[in-house]
There are 2 protein chains.
Amino acid sequence: MKDTAPTDLGSRPRLSRERIVLEALRVVDDEGLQALSMRRLGSLLGVEAMSLYRYVNGREDLLEAIVEHLTDGLRLTPQTPVSAVDGWQAYLQWLAHEVRRVAHAHPQVFPLIATRHPAAPWLRPPLRSLDVVEDFLAVLTRQGFGDEAAAAAYRAFSSFLIGHLLLEASQLGGSTVPGEPLDEGDPNASSSDLELADYPTIRRLEPELSQDRSDEEFESALEELLDRIARTQRG
Amino acid sequence: MKDTAPTDLGSRPRLSRERIVLEALRVVDDEGLQALSMRRLGSLLGVEAMSLYRYVNGREDLLEAIVEHLTDGLRLTPQTPVSAVDGWQAYLQWLAHEVRRVAHAHPQVFPLIATRHPAAPWLRPPLRSLDVVEDFLAVLTRQGFGDEAAAAAYRAFSSFLIGHLLLEASQLGGSTVPGEPLDEGDPNASSSDLELADYPTIRRLEPELSQDRSDEEFESALEELLDRIARTQRG
DNA sequence: ACCTGAACACCGTTCAAGT
DNA sequence: ACCTGAACACCGTTCAAGT
């Protein structure tokens with residue numbers, strides 16, 4: 001026996017970059033971004049905040065690591081279901097739904113994915129990983145897309161996902177504050193139609209505006225985007 | 001003379017909510033969001049931080065006030081150019097370009113406009129003001145849109161703007177940090193193609209990916225959106 | 001009415017020191 | 001090698017006190 005490591009490896013699994021990132025993700029998912037501080041994260045991991053700096057390069061690096069952790073699941077691997085690789089349209093359908101799944105699973109993190117500066121200026125959110133973008137461009141060019149058409153498809157696909165998913169995530173993310181007041185205490189005020197006196201059209205359309213059509217809208221807009229991309233394929 | 005106010009009104013124009021918001025906007029535009037602290041803002045206004053709390057309800061309220069200040073310019077007023085009110089298509093064209101102008105003028109603020117929770121759940125970024133949304137829905141319903149078609153157009157228009165403008169703003173917003181390192185010190189490394197060895201498609205498409213097509217893409221995608229909306233007008 | 005001083009409860013980050 | 005104590009330079013926010 002060379003070292004004096006504790007033979008009973010139970011209580012504290014030792015620090016690691018992965019353990020830090022996973023715990024940080026849990027905090028953000030449960031309590032929002034502003035609840036994540038180095039000091040609190042340290043204490044949740046049973047350690048002083050300063051110890052974290054051995055594994056992450058400060059708070060910014062930690063946020064980047066969380067984002068990276070989530071985008072890793074978007075790569076094409078041997079585990080990718082076969083339905084995803086049957087033509088570029090199937091691939092884009094699969095990829096779009098994967099990103100949407102991440103946005104729904106981590107609504108508090110998605111704004112980070114959408115708004116943080118990517119590593120390279122031509123690397124656009126939310127597909128901000130070299131691996132994922134390589135997959136994207138390789139699939140399309142392999143299937144008859146010209147270089148310019150593939151790049152244009154990448155840009156259009158990115159805009160589409162941001163536009164649809166950021167709003168959905170923001171709706172799901174909710175109030176961030178755990179114990180927020182749901183209603184101001186006025187018991188006979190149905191939602192928010194009290195100050196709507198000066199906004200007759202809004203008041204009239206409130207039922208339509210309150211309807212959640214995100215599923216249908218995402219699917220039909222995605223179909224339309226794929227049609228549009230198909231039209232430029234031989235650009 | 002009833003009060004003892006300084007007769008010479010030169011040196012310090014006295015505090016006001018508007019002066020605070022304008023100075024805060026200047027700070028965020030020039031140095032980024034994280035440079036805006038209550039204490040620094042106070043000292044820039046020649047006052048202790050605690051004085052600001054007479055006019056703004058804390059930092060969150062201040063951020064909201066900045067956003068509100070910028071979205072005020074999107075309302076239809078007597079000053080709105082006539083070209084904007086000649087049919088709903090002209091109005092949507094005008095509105096889209098106004099929002100784009102705001103995003104370009106204040107790239108560091110646009111993520112706030114895009115990601116902060118609106119006052120009502122059906123109030124979507126970036127058109128997050130009751131006045132603006134009232135204009136939007138009134139113009140469309142006045143010109144033959146059904147209620148559901150108008151609401152659907154509002155949702156599609158919002159997604160479109162977020163998707164296109166957040167990326168443009170992020171590109172313009174740049175590094176937020178004033179004195180950031182532009183290059184890591186390696187003099188013969190052209191941009192970022194050193195680690196691109198494992199990404200052949202990206203490397204091949206780098207010229208296409210680096211091209212800035214935002215103007216054309218915004219215009220043509222906007223045209224297409226308006227066509228699509230026109231098709232659903234009698235929904 | 002408007003601003004301030006002092007205080008409270010936090011931050012991120014550094015660095016020499018401990019084991 | 002890995003973690004800590006102490007310190008530095010900040011935060012947002014409150015509240016009683018000053019003028």
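Note on naming: letters A, B, ... go to the chains in the order of the sequence lines (proteins, then strands), and numbering restarts at 1 for each one.
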Between P on C:dA1 and CG on B:Leu52, what's the gap in Å once rounded to a whole number? 20 Å
Would you kindly give the CZ-to-P distance between B:Arg40 and D:dG12, to the nearest whole Å? 11 Å
Output, in order, the C-alpha distance, side-chain angles, deciding distance and verdict of side-chain hydrogen bond (donor to acceptor under 3.5 Å, both in side chains) for B:Gln79 and B:Thr77. CA-CA 5 Å; B:Gln79 284 78 45; B:Thr77 70; 3.2 Å; yes
Straight-line distance of B:Arg124 CZ to B:Ile162 CD1, nearest 0.5 Å: 10.0 Å
OH of B:Tyr55 versus C1' of C:dC3: gap in Å, rounded? 9 Å
Rounded distance (Å) that lies between atom C1' of C:dA9 and atom CZ of A:Arg39: 11 Å
If you only use heavy atoms from C-beta on, which nucleotide in D:dC3, C:dG12, D:dT13 is closest to the side chain of B:Met38? D:dT13
Taking the side chain of A:Met50 as heavy atoms from C-beta outward, which of C:dA7, D:dG5, C:dC3 is closest to it? D:dG5
Across every strand shown, the nucleotide meeting Watson-Crick or G-U wobble geometry with C:dG12 (both distances under 3.5 Å) is D:dC8
Base-pairing mate for D:dT19 - Watson-Crick or G-U, with both contacts under 3.5 Å: C:dA1
Can you tell me the distance, in whole Å, between the CD atom of B:Glu48 and the C1' atom of D:dT13? 14 Å
Salt-bridged, A:Arg155 to B:Glu208, with N to O below 4.0 Å? no
Whole-Å distance, B:Arg59 CZ to D:dG12 C1', equals 9 Å
A:Glu60 has an atom CD; how far is it from atom P of C:dC11, in whole Å? 17 Å
With a 4.0 Å cut-off on heavy atoms, is B:Arg54 in touch with a base, just the backbone sugar-phosphate, or nothing at all? base
Pick base, sugar-phosphate or nothing for B:Ser51, based on heavy-atom distances below 4.0 Å to the nucleic acid. base
Nearest-angstrom distance, P atom, C:dA9 to D:dC10: 22 Å
Rounded to whole Å, CG of A:Asn57 lies from C1' of C:dT14 at a distance of 13 Å
Pick from A:Leu36, A:Leu22, A:Leu33: which one makes a side chain to side chain contact (heavy atoms under 4.5 Å, CB included) with A:Val27? A:Leu36
Using the six-membered ring wherever Trp is involved, compare the ring planes of A:Phe218 and A:His97 and label them parallel, tilted or perpendicular (cut-offs 30° and 60°). perpendicular
